Amino acid sequence: MDQIRGKHSELVNLIGEINKETYRFIGTHFFMVPSLKISFNSFEVCFKDYVLYLYSLFIELPGINLKFVDKKIKDFVIPLSDGARRISRLVQDLRTVNGHYTSIEKPKDKEKINACEDWYEQIAFVKSLEKEEDYQKCVNALLDETIEYLNQVYLCIQEFSKVEFPDIIKDDWLRESTRFFTKFEWEIQLQQVLEMYGMNHYDPHVIIEKEIGRWNAQLKILKDGFEFEIESKRIIEGFIAKEEIWPASAQDLHLLGIKFGPEMGEMVKKCKNLYYESPCDKEELLKRFKERYL
């Protein structure tokens with residue numbers, strides 16, 4: 001475990017150096033440091049903690065910064081192994097496979113499961129996660145690839161100050177950062193809008209996962225100086241106005257006796273209209289639908 005503690009210290013120091021270099025260049029920090037504390041009591045718990053820690057670091061918290069620098073790493077032809085280059089994708093897959101119910105029968109789940117199993121065998125040199133020593137190897141492999149990747153991120157940011165026209169990179173980066181907001185930032189705004197509309201029976205996280213790409217894309221066409229709180233709520237209210245979400249489904253109506261086919265389409269519209277007349281949870285909506293139409 002001492003070896004892993006040493007790599008953890010290296011990781012934390014590297015995050016700090018990246019933040020300092022970024023602040024010197026554009027006046028903001030690159031990473032928000034995850035609040036999750038890593039447990040060093042067992043290799044299994046340690047590995048699972050690192051998956052969540054790195055998911056926060058790479059996916060939930062960095063905003064546009066990683067995507068921006070990843071492009072520049074390619075432009076500057078900074079050497080990076082395949083494993084380090086795919087570290088964010090790996091962390092997403094590990095989190096899904098180890099933290100959610102997955103089925104080999106579902107194509108997307110199967111792809112994630114296969115990717116994780118390939119990594120276990122080819123990079124961590126374990127066939128399956130059964131023993132403490134298996135988790136130990138996985139923790140070390142995960143940290144090695146993470147540290148390699150972050151070292152190259154640090155090198156890339158240092159290169160920004162050395163190019164002939166650093167202000168061009170700085171302006172591009174700042175412009176990108178004002179048009180890309182994290183899932184957490186969008187979730188706060190969505191929760192407020194859902195409460196305003198009496199629709200807080202929804203899980204904001206599920207909606208954000210599906211819509212954040214399209215919503216951030218709408219921010220890109222705005223003029224400089226827009227206020228995120230105002231524009232994000234406008235975008236979310238536009239989404240709700242299209243009646244794209246409702247708590248029931250065609251399958252729920254089928255269970256009430258509606259046949260699949262043209263009739264189902266009409267009944268779905270009627271059920272959605274009922275919902276938007278007075279938002280409620282699924283149980284109440286189906287009760288109202290049954291009373292009015294069946």
Side-chain angles (χ1 to χ4, degrees), residues 22 26 28-36 51-72 85-102 106-109 111-112 115 149 153 172-247 249 272 276 279:
T22 305
I26 59 171
T28 63
H29 288 138
F30 193 98
F31 287 115
M32 286 192 288
V33 180
S35 59
L36 176 68
V51 170
L52 296 177
Y53 180 93
L54 295 177
Y55 183 83
S56 292
L57 187 72
F58 291 148
I59 310 302
E60 292 183 327
L61 301 178
I64 196 62
N65 294 333
L66 277 179
K67 290 185 178 180
F68 183 84
V69 172
D70 277 346
K71 293 177 184 176
K72 297 302 180 183
R85 185 177 291 108
R86 295 195 300 264
I87 188 66
S88 294
R89 179 73 263 171
L90 170 67
V91 168
Q92 290 186 67
D93 290 344
L94 288 172
R95 177 179 177 269
T96 300
V97 171
N98 289 286
H100 299 79
Y101 173 76
T102 52
K106 298 179 180 178
K108 288 186 177 180
D109 285 355
E111 183 179 341
K112 294 177 186 294
Y149 173 65
V153 168
D172 286 347
W173 194 351
L174 289 172
R175 181 175 174 79
E176 287 283 329
S177 66
T178 60
R179 282 163 170 70
F180 183 96
F181 292 84
T182 65
K183 294 177 182 178
F184 177 72
E185 290 169 306
W186 275 105
E187 194 166 321
I188 292 173
Q189 304 307 317
L190 176 59
Q191 184 65 60
Q192 293 176 5
V193 174
L194 290 177
E195 289 177 0
M196 286 167 49
Y197 280 75
M199 299 168 70
N200 53 3
H201 43 273
Y202 284 107
D203 182 350
H205 181 75
V206 174
I207 298 175
I208 294 297
E209 287 286 338
K210 180 182 177 183
E211 301 296 332
I212 187 171
R214 283 186 284 184
W215 291 354
N216 273 324
Q218 292 183 54
L219 295 179
K220 289 185 177 181
I221 64 174
L222 300 178
K223 292 182 178 180
D224 292 343
F226 68 85
E227 293 186 33
F228 174 67
E229 287 191 12
I230 295 174
E231 295 301 332
S232 62
K233 286 186 173 68
R234 179 185 60 79
I235 291 170
I236 293 168
E237 288 175 354
F239 167 76
I240 292 174
K242 294 178 182 177
E243 301 186 356
E244 293 190 32
I245 55 172
W246 60 305
S249 67
K272 278 188 175 183
Y276 280 92

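Throughout, residue positions are numbered sequentially from 1 according to the sequence presented. Remember, predicted model here, so these are calculated numbers, not experimental data. Side chains are part of it too, since the values below use all heavy atoms of this structure and drop only hydrogens, waters and symmetry mates.
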*Asks:* Rounded to the nearest 0.5 Å, what's the gap from CD1 on I64 to CD on E176? Could you check?
*Replies:*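 The CD1 atom of I64 sits 5.0 Å away from the CD atom of E176.
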*Asks:* Give the C-alpha distance, both sets of side-chain angles, the deciding distance and a yes or no for side-chain contact (heavy atoms from CB on, under 4.5 Å) between Y276 and Y197.
*Replies:* CA-CA 9 Å; Y276 280 92; Y197 280 75; over 6 Å; no
*Asks:* Any side-chain heavy-atom pair from V33 and Y53 closer than 4.5 angstrom?
*Replies:*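 Answer yes - side chains close enough.
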*Asks:* Just checking E237: does its CD atom have more than 12 heavy atoms from other residues, nucleotides or ligands closer to it than 6.0 angstrom?
*Replies:*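 Yes, CD of E237 has more than 12 neighbouring heavy atoms, counting only those of other groups under 6.0 Å.
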*Asks:* Please examine the side chains of R89 and K112, heavy atoms only from C-beta on, and report whether any two atoms are closer than 4.5 Å.
*Replies:*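 A side-chain contact under 4.5 Å exists here.
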*Asks:* Distance check, rounded to the nearest 0.5 Å: L194 atom CG versus Q192 atom CD?
*Replies:*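 It is 10.5 Å, given to the nearest 0.5 Å.
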*Asks:* For F184, I'd like to know if atom CZ has over 12 heavy atoms of other residues, nucleotides or ligands within 6.0 Å.
*Replies:*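 For F184, atom CZ is not crowded (no more than 12 foreign heavy atoms under 6.0 Å).
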*Asks:* So, do F181 and W186 have ring centers that fall under 6.0 Å from each other?
*Replies:*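 For F181 and W186, the ring centres are not under 6.0 Å apart.
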*Asks:* Mind checking the CG-CG spacing from L90 to L54? Nearest 0.5 Å is all I need.
*Replies:*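 With rounding to 0.5 Å, CG (L90) is 9.0 Å from CG (L54).
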*Asks:* Is there side-chain contact between W215 and S232, with at least one heavy-atom pair below 4.5 Å?
*Replies:*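 No, too far: nothing below the 4.5 Å cut-off.
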*Asks:* Verify the neighbour count for atom CD of E195: are there more than 12 heavy atoms of other residues, nucleotides or ligands below 6.0 Å?
*Replies:*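 Yes, enclosed.
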*Asks:* Given side-chain contact (heavy atoms from CB on, under 4.5 Å), test I59 with S88 step by step and report yes or no.
*Replies:* CA-CA 7 Å; I59 310 302; S88 294; 4.2 Å; yes
*Asks:* Answer yes if the ring centres of Y149 and F58 are under 6.0 angstrom apart, and no otherwise.
*Replies:*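 Ring centroids of Y149 and F58 are less than 6.0 Å from each other.
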*Asks:* What is the distance from atom CD1 of I207 to atom CD1 of I240, rounded to the nearest 0.5 Å?
*Replies:*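 One gets 7.5 Å once the value is rounded to the nearest 0.5 Å.
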*Asks:* Can you confirm whether D109 sits close enough to V97 that some side-chain heavy atom of one is under 4.5 Å from a side-chain heavy atom of the other?
*Replies:*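 D109 vs V97: side chains apart.
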*Asks:* Nearest 0.5 angstrom please: L222 CG to E231 CD, how far?
*Replies:*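 These two atoms lie 5.0 Å from each other.
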*Asks:* Sequence neighbours left out, what pairs pass salt bridge (Lys or Arg N to Asp or Glu O under 4.0 Å) with at least one residue falling in residues 210-219?
*Replies:*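 Sorted pair list: E211-R214.
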*Asks:* Okay, side chain of N65, backbone of F30: is any donor-acceptor separation there less than 3.5 Å?
*Replies:*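 The answer is yes, because a donor-acceptor pair under 3.5 Å joins these two groups.
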*Asks:* Quick check for you: to the nearest 0.5 Å, what is the distance between I208 atom CD1 and I188 atom CD1?
*Replies:*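 Spacing of CD1 (I208) from CD1 (I188) equals 10.0 Å.
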*Asks:* Between W173 and T22, does a side-chain contact (heavy atoms from CB on, under 4.5 Å) hold up when you go through it step by step?
*Replies:* CA-CA 11 Å; W173 194 351; T22 305; 3.7 Å; yes
*Asks:* Do E111 and K108 meet the salt-bridge criterion of a basic N to acidic O distance under 4.0 Å?
*Replies:*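 Looking at E111 together with K108, the answer is no, because their closest N to O distance does not fall below 4.0 Å.
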